[in-house]
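Some notes on the structure that comes next.
Just so it is clear, the structure is predicted and the values come from calculations on it, not from any experiment. For the numbers below, each heavy atom of this structure counts, side chains included, while hydrogens, waters and symmetry mates do not. Along the sequence shown, residues are numbered consecutively beginning with 1. As the structure lists them, so they are numbered: ligands from 1, and atoms in each ligand from 1.
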Amino acid sequence: MAFLDIHQLQKSFGALRVVKDFTLGIDKGEFVSFLGPSGCGKTTVLRMVAGFETPTSGAIRIDGRDVTGLPANRRKIGMVFQAYALFPNLTVEENIGFGLKVAGEDKAAIRKRVGEMLELIGLSQLGGRYPFQLSGGQQQRVALARALAPRPQVLLLDEPLSALDAKIRVSLREEIRRIQRDLGITTIFVTHDQEEALSMSDRVVVMHQGVADQVGTPFEIYNRPATRFVAQFVGTLNLIDADLVDAAAGRIRLGGVPVALNRSLPGQTGKRISLALRPETVALGRKDEGNAVVLAGTITEVHFLGAVIRIRVAVEGGLVSLDTFNQPDRPPPSIGTPVEISVSHRDLLVLAA
Ligand SMILES: Nc1ncnc2c1ncn2[C@@H]1O[C@H](COP(=O)(O)OP(=O)(O)OP(=O)(O)O)[C@@H](O)[C@H]1O
Ligand SMILES: [Mg+2]
């Protein structure tokens, strides 16, 4: 059984159903991200796991024990909140030691543990400072140390990086993952930043309107999105129109060209469907591989981004963005140029509506 077991969790506020039948098992030591747009219920699920919110129905088990009815302070959970929540009138050391003091640990043990935590987050020199004397990144490190100090069995992080600027976010997310791995602590990390979720997680839960649309490794979520929402929310996506000629046999017509995908496809024979393509799977020119669709089009946009050049091509059925790598001895093509683009059959995603 999973170490943290969230079973058929539901939460309504009045008539508003915010979390609908949310089930998820998380292994010991696993790092799982909840990814989803604002208001989809991420914080609400986290607060129910922590014990700050009572589920309308469903159960939460940790290490085989039902904790659904337990108060927050008896669940052995550490939480870092969406906004900074350090105690402004306590020093860094007092903030980190707060949970231990409440638990009645003796002074010497608290001092030792606080020292370890300060070392873990690399702020040993700043133990005597107050929160207002710290940068945003330092404050979030202290919040992390404070959550970890009482040795929780589960760590919950609710968008701990959202208030920080881009550079610090990247270095801090690597640090959080390093600390999490070192301690082997089971962790849920909430974010609406897809890059954060993909780069940090063992598994990602994509949430949408109170349900988990898909649960999978970052690789699975990105390459095999289960729904149109997941495909569009995670990564850049091209959608082009096609005709579904035979759903069972996997035959479509794309830009007037018949294509045999030879796998059964969702949808109804005879209907228009949307095909999804990731920019990096589309090649400019013909691919020298048999199972590729070649489409004729015209370049409508060229964005030089440095290492990558993103080119937009109008084909019958829609606009397709594709990425090519910069080549110093070859300037990018110009707008208006007629081109061919090609995509391997396996990279044409037919999404369920
Ligand atoms: N105590 C409450 N009473 C009534 N409605 C609430 C309460 N808490 C949350 N909600 C509503 O539940 C929905 C989900 O809120 P939640 O905070 O879980 O979203 P979220 O996914 O964390 O969003 P964000 O990314 O903006 O933090 C929202 O529509 C919110 O207004
Ligand atoms: Mg939230």
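- For Glu195, the CD atom is loosely surrounded, since the number of other residues' heavy atoms within 6.0 Å does not exceed 12.
- From the protein, the heavy atom lying nearest to atom 25 (O) of ligand 1 is Lys42 NZ, 2.7 Å.
- Looking only at protein heavy atoms, the nearest one to atom 26 (O) of ligand 1 is Ser38 OG, 2.5 Å.
- Not one N/O/S atom of Ser38, from backbone or side chain, sits under 2.8 Å from the Mg ion (ligand 2).
- When each atom of ligand 1 is checked for a heavy atom of His192 under 4.0 Å away, the hits are 25 (O).
- Residue-ligand proximity, Thr43 to ligand 1, at heavy-atom distances under 4.0 Å covers atoms 17 (O), 18 (O), 20 (P), 22 (O), 27 (O).
- Closest to atom 27 (O) of ligand 1 among all protein heavy atoms lies Gln82 NE2, 2.8 Å.
- The distance between the ring centers of Phe87 and Tyr130 does not fall below 6.0 angstrom.
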Open item on the list: Under the criterion side-chain hydrogen bond (donor to acceptor under 3.5 Å, both in side chains), I'd like the reasoning laid out for Ser12 against Arg17: C-alpha separation, chi angles, the key distance, then a yes or no.
Closed with: CA-CA 4 Å; Ser12 300; Arg17 286 178 70 210; 4.8 Å; no

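- Residue contacts with ligand 1, taken as heavy atom pairs separated by less than 4.0 Å, involve Val18 solely via side-chain atoms from C-beta onward.
- In this pair, Phe229 and His208 present their aromatic rings parallel. The plane angle is below 30°, not in the 30 to 60° band.
- Residues Ile311 and Ile299 have side chains in contact (heavy-atom distance under 4.5 Å, counting atoms from C-beta outward).
- Heavy-atom proximity to Glu159, at under 4.0 Å, picks out these atoms of ligand 1: 25 (O), 27 (O).
- Atom CD of Gln232 is surrounded by more than 12 heavy atoms from other residues, nucleotides or ligands within 6.0 Å.
- Heavy-atom contacts from other residues, nucleotides or ligands closer than 6.0 Å to CZ of Arg272 number more than 12.
- Polar contact with ligand 1: present for Cys40 (N/O pair, distance under 3.5 Å).
- At a 4.0 Å heavy-atom cut-off, ligand 1 does not touch Met207 at all.
- Within the 4.0 Å heavy-atom cutoff, Gly39 counts among the residues contacting ligand 1.
- Within a 6.0 Å sphere centred on CZ of Arg286, heavy atoms belonging to other residues, nucleotides or ligands number 12 at most.
- Distance remark: protein heavy atom not present below 4.0 angstrom from atom 30 (C) of ligand 1.
- When hydrogens are left out, the protein atom nearest atom 16 (P) of ligand 1 is Thr44 OG1, 3.5 Å; that is the closest non-hydrogen contact.
- In terms of protein heavy atoms, atom 1 (N) of ligand 1 is closest to Phe13 CE2, 3.4 Å.
- Geometric assessment of Arg278 against the ring of Tyr222 yields a positive cation-pi assignment under the 6.0 Å and 45° thresholds.
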